[in-house]
Q: 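This is the structure I have questions about; it appears just below.
Please read all numbers here as calculations on a predicted model, not as lab measurements. By convention in this document, chain letters (A, B, ...) are assigned in the order of the sequence lines, proteins followed by strands, and residues within each chain are numbered from 1.
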2 protein chains.
Amino acid sequence: MTSTDRQPAERPAPRPTRQRRAVAQVLTTFADFRSAQEIHELLGQQGDPVGLATVYRTLQLMADLGEVDVLRSEDGEAIYRRCSDTHHHHLVCRSCGATVEVEGPAVERWTSGIAADHGYTDVAHTLEIFGTCPACRG
Amino acid sequence: MTSTDRQPAERPAPRPTRQRRAVAQVLTTFADFRSAQEIHELLGQQGDPVGLATVYRTLQLMADLGEVDVLRSEDGEAIYRRCSDTHHHHLVCRSCGATVEVEGPAVERWTSGIAADHGYTDVAHTLEIFGTCPACRG
DNA sequence: TCCATTTTGACAATCATTCTCAACTGAGTG
DNA sequence: CACTCAGTTGAGAATGATTGTCAAAATGGA
């Protein structure tokens, strides 16, 4: 082997290609969750076209590396966003879609506590709140 | 109008057909989450064939009525199971699927509080916790 | 029983996601 | 710089869950 030892499970180390840089870059342009299709669309619009399959592959790669969060929208679509420093949830109007980002240490603590009580590790959670916003309350 | 007043949004009241009874019945034969396809399969095996489309429709109907819980497996498939009458959430093992029902007044209070703070009404929420269960921890 | 309405089921249509595979690229070497 | 090779890409086919279509069948009430 060469001068530098590698990790036991020698993974080839992803190459920094134009496409990967582009995906990483768009991810910085929004703070909420977007589908792979939307991200592919955004890339095209900003003149940095990346094949849809590549967008999927890149997003998956980044998810494996822990660089993006993956969630499932209510209709089963995978949605992604850069792994933000602040973890938060969404309060969504079921009528007009208006979204408010909310956060609550209490919930975070509660979920990890519950999980720990049952011996679960590597805990993550999803929480969305739906309601009718003031503007839609005719 | 006739003798009995109806709800403002008059919904026709689902009919108790053989197919619906069959779906409701298989749901009692297992305690964990199954996909619509699996349920359709089970029905066929026990000699109560129900069309796949009908299984989907029935499951959706029951979900709307709050008679079943719907979740998304990690690969985006919708999975169902009969639910207890009490409002609760799920702690799911992302490896083997083992599920624990959990509840927490604190979370309920927190979500309605947050929603109220922002003027949202008719509030509902979804919360799932994912982790690795003790049995799946090497 | 007869009718209006709801349901069903076989099959087509969607749609997100993954697979295939030949062409292309980046990084290191001589 | 030319060369090589494993890692990548993209267009399009393939997959698979879910939904839509619509004529035929079942249900509940008059």
Side-chain angles (χ1 to χ4, degrees), chain A residues 1-4 6-7 9-26 33-45 47-65 67-68 70-81, chain B residues 1-4 6-7 9-26 33-44 47-65 67-68 70-81 97:
Chain A
M1 58 183 75
T2 55
S3 55
T4 54
R6 280 310 183 183
Q7 307 84 30
E10 11 83 10
R11 56 176 69 166
R15 291 183 188 168
T17 62
R18 174 185 72 75
Q19 291 82 343
R20 288 185 180 157
R21 258 178 272 117
V23 171
Q25 186 270 313
V26 269
F33 286 88
R34 302 295 174 87
S35 71
Q37 312 259 357
E38 286 174 321
I39 290 170
H40 169 254
E41 181 65 24
L42 283 173
L43 284 165
Q45 286 173 9
D48 246 331
V50 177
L52 183 55
T54 301
V55 171
Y56 273 103
R57 282 186 294 236
T58 302
L59 251 13
Q60 250 170 266
L61 179 63
M62 295 180 79
D64 287 344
L65 296 176
E67 294 174 11
V68 297
V70 193
L71 229 58
R72 290 276 169 185
S73 69
E74 204 142 326
D75 63 335
E77 226 184 329
I79 48 181
Y80 309 80
R81 86 170 170 183
Chain B
M1 57 184 76
T2 54
S3 55
T4 53
R6 279 308 182 181
Q7 308 84 29
E10 9 85 8
R11 57 177 68 168
R15 290 179 186 171
T17 63
R18 173 184 73 74
Q19 290 84 342
R20 287 181 181 159
R21 257 178 273 118
V23 170
Q25 186 271 311
V26 268
F33 287 89
R34 301 297 174 85
S35 71
Q37 312 259 356
E38 286 173 323
I39 290 171
H40 169 253
E41 181 65 23
L42 283 173
L43 284 164
D48 246 329
V50 177
L52 183 55
T54 302
V55 172
Y56 274 103
R57 280 185 295 236
T58 302
L59 250 15
Q60 245 167 351
L61 179 63
M62 296 180 78
D64 287 344
L65 296 175
E67 293 172 11
V68 297
V70 193
L71 230 58
R72 291 276 169 183
S73 67
E74 210 141 318
D75 64 333
E77 227 183 329
I79 48 181
Y80 308 80
R81 131 189 128 154

Q: With sequence neighbours excluded, tell me which residues meet side chain to side chain contact (heavy atoms under 4.5 Å, CB included) with A:Val26.
A: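 For A:Val26, the residues satisfying side chain to side chain contact (heavy atoms under 4.5 Å, CB included) (neighbours in sequence not counted) are A:Thr29, A:Ile39, A:Leu42, A:Leu43, A:Gln46.
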Q: Tell me the interatomic distance from B:Asp48, atom CG, to C:dT8, atom C1', rounded to whole angstroms.
A: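 Going from B:Asp48 (CG) to C:dT8 (C1'), I get 14 Å.
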Q: Whole-Å distance between C:dA16 C1' and A:Phe33 CZ?
A: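 Result: 18 Å.
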Q: If I take atom CD in residue A:Glu38 and atom P in nucleotide C:dA16, what distance separates them, rounded to the nearest angstrom?
A: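 In whole Å, C:dA16 P and A:Glu38 CD are 10 Å from each other.
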Q: Look at B:Gln19 and C:dG9 and indicate whether a side-chain polar atom (N or O) is within less than 4.0 Å of OP1 or OP2.
A: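 For C:dG9, OP1 or OP2 has a side-chain N or O of B:Gln19 closer than 4.0 Å.
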Q: According to the salt bridge (Lys or Arg N to Asp or Glu O under 4.0 Å) rule, which pairs have a member within residues 49-60 of chain B, sequence neighbours left out?
A: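 Passing the test, one end in residues 49-60 of chain B: no pairs.
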Q: Using whole Å, what does the distance between atom C1' of nucleotide C:dA16 and atom CD of A:Glu41 come to?
A: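 Checked: the CD to C1' distance equals 15 Å.
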Q: Whole angstrom is fine here: how far is it from CG in A:Asp75 over to P in C:dT14?
A: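 Taking CG of A:Asp75 and P of C:dT14, I get 17 Å after rounding.
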Q: With sequence neighbours left out, what residues match B:Leu61 under side chain to side chain contact (heavy atoms under 4.5 Å, CB included)?
A: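 Once residues adjacent in sequence are excluded, the partners of B:Leu61 under the side chain to side chain contact (heavy atoms under 4.5 Å, CB included) criterion are B:Pro14, B:Arg20, B:Leu65.
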Q: Report the C-alpha distance between A:Glu41 and A:Gln37 in whole Å, list the side-chain angles of each, state the deciding distance to 0.1 Å, and finish with yes or no for side chain to side chain contact (heavy atoms under 4.5 Å, CB included).
A: CA-CA 6 Å; A:Glu41 181 65 24; A:Gln37 312 259 357; over 6 Å; no
Q: Can you measure B:Arg34 atom CZ to D:dA17 atom P for me and round it to whole angstrom units?
A: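 Result: 16 Å.
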Q: Does B:Arg72 have any salt bridge (charged side-chain N to carboxylate O under 4.0 Å, His left out) partners at least two apart in sequence or in another chain, and if so, which?
A: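 Checked B:Arg72 against salt bridge (charged side-chain N to carboxylate O under 4.0 Å, His left out); zero matches.
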Q: Where along nucleotides 18-30 of chain D does protein come under 4.0 Å, by heavy atom, of base (B) or sugar-phosphate alone (S), with - for untouched nucleotides?
A: BBBB----BBS--
Q: Taking only residues two or more places apart in sequence, or in another chain, which ones meet B:Tyr56 in a ring pair (Phe, Tyr, Trp, His ring centres under 6.0 Å)?
A: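 So B:Tyr56 forms no ring pair (Phe, Tyr, Trp, His ring centres under 6.0 Å) with any residue.
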